Amino acid sequence: MSLESYDKEIFDLTQNELKRQCDHLEMIASENFTYPEVMEVMGSILTNKYAEGYPGKRYYGGCEFVDEIEQIAIDRCKKLFGCEFANVQPNSGSQANQGVYGALLNPGDKILGMDLSHGGHLTHGAKVSSSGKMYESFFYGVELDGRINYDKVLEIAKVVRPKMIVCGASAYARQIDFAKFRAIADEVGAYLFADVAHIAGLVVAGEHNDPFPHCDVVSSTTHKTLRGPRGGIIMTNNEEFAKKINSSIFPGIQGGPLMHVIAAKAVGFKHNLSDEWRVYAKQVKANAKKLGEVMLSRGYDLVSGGTDNHLILLSLLNKPFSGKDADIALGNSGITVNKNTVPGEIRSPFVTSGVRIGSPALTARGMKEAEFELIANKIADVLDDINNTALQAKVKAELKELASKFIIYNKAMF
Ligand SMILES: Cc1ncc(COP(=O)(O)O)c(C=O)c1O
């Protein structure tokens, strides 16, 4: 039976979401549009199979085909990141990180990560996350210029003496210098763990510094710049860590792996390994750069003054409206972004003085610098006259027209 005839309620809501994704301009930096073939295998019979364990060592029968699938995913992941070991089972980026901590730390150990309000992620030690509850967490941040000051990180590390330093971010527009983090970790005798969830698609294309060989362990999501299915992965070159990571994921924190998602990860990796991937990753960066240049030319400040990656952070500290106001006004104009705290923040995390804007999803639709220039000017028009709801409605109609020229999905596919 089809979803439409069995559960019209969920079918209709899915169709509404499809329309939303197609008609609006998706500029949330952590989102992307995955490939139809990735979704095809994700919606396949592979969802039925229990396969606790790892290829060749399962706790269930009938795993001969899923063993091959998982091994392909592992091999492609290793090739992609140029490393010796990959675990492709984490159900999410957060579970990948939990798995890394479980493998290398004991409860109560000290970790040093990037402050959430400075662009870090919840799982890098925030007190509301299990990473901040199970481990004693300390933080470094960015300076008022929006950049990590590596000398300061070293100073903090010398005082804290963490067992692990976590690098990687959710809202940082500049390259992360893994070699510098390695030197700091060596100086204080800490493990170095990189969470490249946001930048992985650029890393594997050679468009961002490589976390290997500097980092002991690397984790990522597969659904952000990598453009694959929702999920997580963990990589290392250290054999002893590899064994610990496998046990930390299963049986440590997960049961049966999501074989349909692992197959989808394999399909996503095939895209990431292709020549076209490098073209996409280059364009993601070029589009973010164009976005930043236009915003600067229109009188908007960028945290760190620009971007080296897939996102920009608008600072609204010198504007009479907040990140929340901007988020709402842009949403009314058909542009989906998210509010974000900025260095020197004066407002609450629910209001903020910044907006994070990313290029990966619109680049996946085929948009290039010309479209990003046009969109950036529309963003500035809306923000310049933030209470003008008539303008917002006009921009929304214009951008829907633009979106219709860059088809990403059609109804027949669902
Ligand atoms: C740097 C970083 N790590 C981990 C995650 C967590 O990923 P997930 O949402 O799949 O748990 C995110 C998600 O935003 C992230 O930005």
Side-chain angles (χ1 to χ4, degrees), residues 26-32 34 38 42 77 81 87-102 111-126 128-132 135 137 139-142 148 164-176 178 181 192-204 208-209 211 215 217-235 245 248-249 253-254 257-258 261-262 264-265 268 284 288 309-313 336-341 349 354 356-361:
E26 183 53 71
M27 301 191 85
I28 291 179
S30 52
E31 292 191 13
N32 213 329
T34 195
V38 164
M42 235 192 315
C77 187
F81 286 89
N87 183 309
V88 297
Q89 292 195 358
N91 295 333
S92 67
S94 298
Q95 279 186 311
N97 292 353
Q98 201 184 348
V100 171
Y101 298 139
I111 60 171
L112 175 62
M114 192 164 177
D115 196 321
L116 181 62
S117 67
H118 286 232
H121 188 255
L122 278 166
T123 57
H124 298 179
V128 290
S129 130
S130 71
S131 61
Y135 309 102
S137 53
F139 302 99
Y140 58 87
V142 293
I148 296 169
M164 177 185 278
I165 295 176
V166 187
C167 56
S170 298
Y172 188 63
R174 296 300 181 177
Q175 294 250 331
I176 292 166
F178 298 111
F181 268 114
L192 182 59
F193 164 39
D195 172 356
V196 298
H198 257 264
I199 50 172
L202 305 179
V203 167
V204 301
H208 189 287
N209 288 330
C215 303
V217 182
V218 177
S219 76
S220 182
T221 52
T222 44
H223 50 273
K224 296 186 174 62
T225 48
L226 276 178
R227 216 185 147 181
R230 191 157 291 272
I233 45 177
I234 306 173
M235 288 77 63
I245 287 164
S248 176
I249 291 294
I253 55 168
Q254 290 187 183
L258 307 178
V261 179
I262 290 174
K265 285 174 183 169
V284 164
N309 59 23
H310 62 299
L311 62 84
I312 62 164
L313 282 168
T336 317
V337 296
N338 64 279
K339 58 180 185 269
N340 218 94
T341 50
R356 186 182 70 160
I357 315 180
S359 62

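Just so you know, ligand 1 is whichever comes first in the structure, and atom 1 is the first atom listed for that ligand. Below, each value reflects all heavy atoms present in this structure, side chains not excepted, and no hydrogens, waters or symmetry copies. The shown structure was predicted, so the numbers you read here are calculated from the model rather than taken from an experiment.
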So, S94 versus S92: side-chain donor-acceptor pair below 3.5 Å or not?
no
Is there any N or O on T221 that sits under 3.5 Å from an N or O of ligand 1?
no
Answer whether the closest heavy-atom distance between the side chains of Q98 and S131 falls below 4.5 Å.
no
Run the numbers for me: atoms of ligand 1, each under 4.0 Å from some heavy atom of S94, listed by number.
6 (C), 7 (O), 8 (P), 11 (O)
Give the atom numbers and elements of ligand 1 that come within less than 4.0 Å of a heavy atom of S92.
10 (O), 11 (O)
Just wondering, do R230 and T34 contact through their side chains at under 4.5 Å, heavy atoms?
no
Does some non-hydrogen atom of Q95 fall short of 4.0 Å from ligand 1?
no
Ligand 1 atoms nearer than 4.0 angstrom to some heavy atom of H198 are 16 (O)
Protein heavy-atom partner closest to atom 10 (O) of ligand 1 - residue, atom, separation in Å:
G93 N, 2.9 Å
If you measure from atom 1 (C) of ligand 1 to every heavy atom of T222, I199, D195, L122, which option wins on shortest distance?
D195
Given side chains that start at C-beta, do those of R356 and I28 come closer than 4.5 Å, heavy atoms only?
yes
The atoms of ligand 1 lying under 4.0 Å from a heavy atom of S170, numbered in the order shown, are 1 (C), 2 (C), 15 (C), 16 (O)
Quick check: does any side chain N or O of T225 sit under 3.5 Å from a backbone N or O of H198, one acting as donor and the other as acceptor?
yes
From K224, E31, R230 - option closest to atom 12 (C) of ligand 1 by heavy atom
K224
Please report whether ligand 1 has a polar contact with G231, defined as an N or O pair separated by less than 3.5 Å (distance criterion only).
no
With the threshold set at under 4.0 angstrom, would you say A169 reaches ligand 1 through any of its heavy atoms?
yes
Please name the pair of heavy atoms, one in V284 and one in L202, separated by the smallest distance, quoted to 0.1 Å.
CG1-CD2, 4.2 Å
For a quick check under 3.5 Å, do D195 and H124 share a side-chain donor-acceptor pair by atom type?
yes
Less than 4.5 Å apart, any side-chain heavy atom of M114 and any of Y140?
yes
Under 4.0 Å from one or more heavy atoms of H223, ligand 1 contributes atoms 10 (O)
